[in-house]
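Below: one structure, written as structure tokens.
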Amino acid sequence: MYGFEALSFNIHGGYLEAIVRGHRSGLLTTADYNNLCQCETLDDIKMHLSATEYGPYLQNEPSPLHTTTIVEKCTLKLVDDYKHMLCQATEPLSTFLEYITYGHMIDNVVLIVTGTLHERDVQELLEKCHPLGMFDSIATLAVAQNMRELYRLVLVDTPLAPYFSECITSEDLDDMNIEIMRNTLYKAYLEDFYRFCQKLGGATAEIMSDLLAFEADRRAVNITINSYPYGHEELAVCEDIDQVRAVMEKYPPYQSIFAKLSYGESQMLDKAFYEEEVKRHCLAFEQQFHYAVFFAYMRLREQEIRNLMWISECVAQNQKSRVHDSVVFIF
Amino acid sequence: MEEDRRKDDEDNKLALQFMDSLHNYLSLTHSLSSTLRQGWLELASAKHSMGTSRVNTSVLDLKSHSASTTLKITENDDGTQPQFTLQKWVSSEHESTKLEDKNEHPQDSDTKSSATEATLTKNLTGLADNDEVRKERDKSLSVFGVLISPKLRATQLSFEKALETLIDIANMRSSVLNSFTQLHKEVEDTKE
């Protein structure tokens with residue numbers, strides 16, 4: 001019951017909430033980002049990160065470093081944090097934590113299927129998969145010829161099985177069907193996650209419904225931008241970024257996002273959405289005794305890794321003047 | 001005396017031609033460098049936007065398929081100045097248009113005019129609204145998925161422009177070498 005979590009939450013969730021708040025305090029600050037943005041080489045970045053929680057993950061990496069190495073090692077930190085929380089969690093928190101990884105699972109499935117369609121080696125594809133989205137039979141995805149086989153041979157025993165009901169066909173897997181599958185699965189996942197959070201009730205339901213709704217809206221806008229004129233309801237009639245802006249500005253939460261863009265400019269839309277997302281996730285930590293802090297922490301850490309990826313690319317390409325194009329400060 | 005003056009004029013013309021070609025060559029290499037820098041940054045931006053699982057080398061298509069862009073090399077009768085032409089999006093039979101170098105000097109009829117002709121390949125229309133070309137571009141990008149970020153499309157255009165500049169550089173280099181050979185020959189003749 002909303003308002004009474006303070007009486008009982010700490011029995012099962014207190015330790016892990018303290019852990020995740022500790023992890024949150026380890027996120028990079030503006031001062032850290034300012035130092036990183038002034039680095040001349042990737043080794044300088046490694047040196048600056050050695051003083052952060054990423055230090056132990058990068059210290060043994062030999063020079064010359066590559067940007068993908070930095071991203072991989074920082075992702076390992078996120079994975080370790082997640083696994084520690086998952087193994088300590090009891091129901092329903094453990095199910096909640098598993099839900100957080102289903103998005104990565106969908107991305108991995110699509111990567112394996114796409115790569116197989118393009119006759120890539122399965123081992124090579126597995127190395128590119130996100131570690132949070134791995135499951136036991138993932139390599140078997142390579143044998144499926146259509147979605148029905150995909151479901152029957154592999155996915156029926158995975159958490160993604162319920163999401164396949166809308167996209168089981170016998171059509172061969174091609175680029176278009178794979179794209180449809182990706183977005184159909186993700187839509188079903190977000191809706192399922194939303195229903196689960198509503199069942200939990202309380203502050204978890206309230207905060208997570210806002211975060212998941214924002215995620216769904218962001219994906220709808222991105223799909224429209226990437227494929228207009230197809231899209232969602234009013235977005236469906238839009239033919240360019242300015243029409244998308246006109247539709248989205250009717251909704252107060254999105255006015256501030258689109259206000260940051262000049263007319264015709266779509267390049268900065270990603271950054272504007274990420275900034276709004278970070279703001280919402282930071283606000284999740286203002287309340288106690290709910291599970292949304294776990295979701296928010298995972299997303300903030302992913303944003304931090306995206307920032308590090310961008311900074312590394314700008315440093316590696318000697319384009320430091322562009323580093324602030326995409327870095328989103330968390331604190 | 002008249003003959004000496006005419007010879008001097010021809011030598012000067014050759015020297016100017018050589019220096020113009022060299023200047024154009026250096027400008028093109030500088031332009032290529034900045035286009036490539038832009039392309040690589042746009043690719044990083046696309047990776048940032050779409051995620052590293054969608055934009056990486058492991059999704060590139062290894063199935064055998066014909067090249068969407070080919071290079072045609074034509075040589076003069078004496079093989080002194082090969083000509084490079086880019087044929088982009090060949091399934092739509094689109095070929096780059098060629099424009100004369102604005103610094104080109106008209107050749108005498110008795111010289112091998114095509115050998116010293118400096119040509120630039122320029123393909124502004126190929127970057128515009130040709131439906132066939134757009135379909136071929138989308139087909140190339142479809143390895144990354146059907147719904148892709150505008151940043152990835154911008155990356156494609158940058159690298160396409162870089163490829164055109166490379167061909168321009170090849171043609172300009174051919175022109176530089178040819179001009180240099182002629183100039184050198186004139187100098188040697190003068191010494192004799």
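Atoms considered below: every heavy atom in the structure, side chains included; atoms not considered: hydrogens, waters and symmetry mates. Letters go in sequence order (proteins before strands), and every chain restarts at 1.
When atom types are taken as modelled, the side chain of B:Lys63 and the backbone of A:Leu117 share a donor-acceptor pair closer than 3.5 angstrom.
Using a 4.5 Å cut-off between heavy atoms, A:Leu111 contacts chain B through its side chain alone, with no backbone atom that close. Using a 4.5 Å cut-off between heavy atoms, B:Leu152 does not touch chain A at all. Using a 4.5 Å cut-off between heavy atoms, A:Glu179 touches chain B through its side chain atoms alone. Of the two parts of A:Asn183, only the side chain, counted from C-beta on, holds a non-hydrogen atom closer than 4.5 Å to a non-hydrogen atom of chain B. Proximity to chain B (any heavy atom under 4.5 Å) is shown, for A:Met176, by both the backbone and the side chain. Contact of A:Gln317 with chain B is made through backbone and side chain together, with heavy-atom distances under 4.5 Å. Interface residue A:Ser326: backbone and side-chain heavy atoms are both found under 4.5 Å from chain B. Proximity to chain B (any heavy atom under 4.5 Å) is shown, for A:Arg306, by both the backbone and the side chain.
Taking the ring pair (Phe, Tyr, Trp, His ring centres under 6.0 Å) definition, one finds that A:His118 meets it with nothing, sequence neighbours left out.
The shortest non-hydrogen separation linking B:Thr52 to A:Met309 is CG2-SD, 4.1 Å.
A donor-acceptor contact closer than 3.5 angstrom is absent between the side chains of B:Ser53 and A:Asp107.
Contact check for B:Leu62 versus A:Arg120: side-chain heavy atoms found under the 4.5 Å cut-off.
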Evaluate the side chain to side chain contact (heavy atoms under 4.5 Å, CB included) criterion for residues A:Cys314 and B:Leu41: first the C-alpha distance (whole Å), next the side-chain angles of each, then the deciding distance (0.1 Å), finally the verdict. CA-CA 7 Å; A:Cys314 288; B:Leu41 191 70; 4.3 Å; yes

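Among A:Glu124, A:Glu127, A:Arg182, the residue making the largest number of heavy-atom pairs under 4.5 Å with chain B is A:Arg182.
For the atom pair CG of A:Asp175 and CG of B:Leu147, the computed distance is 11.5 Å after rounding to the nearest 0.5 Å.
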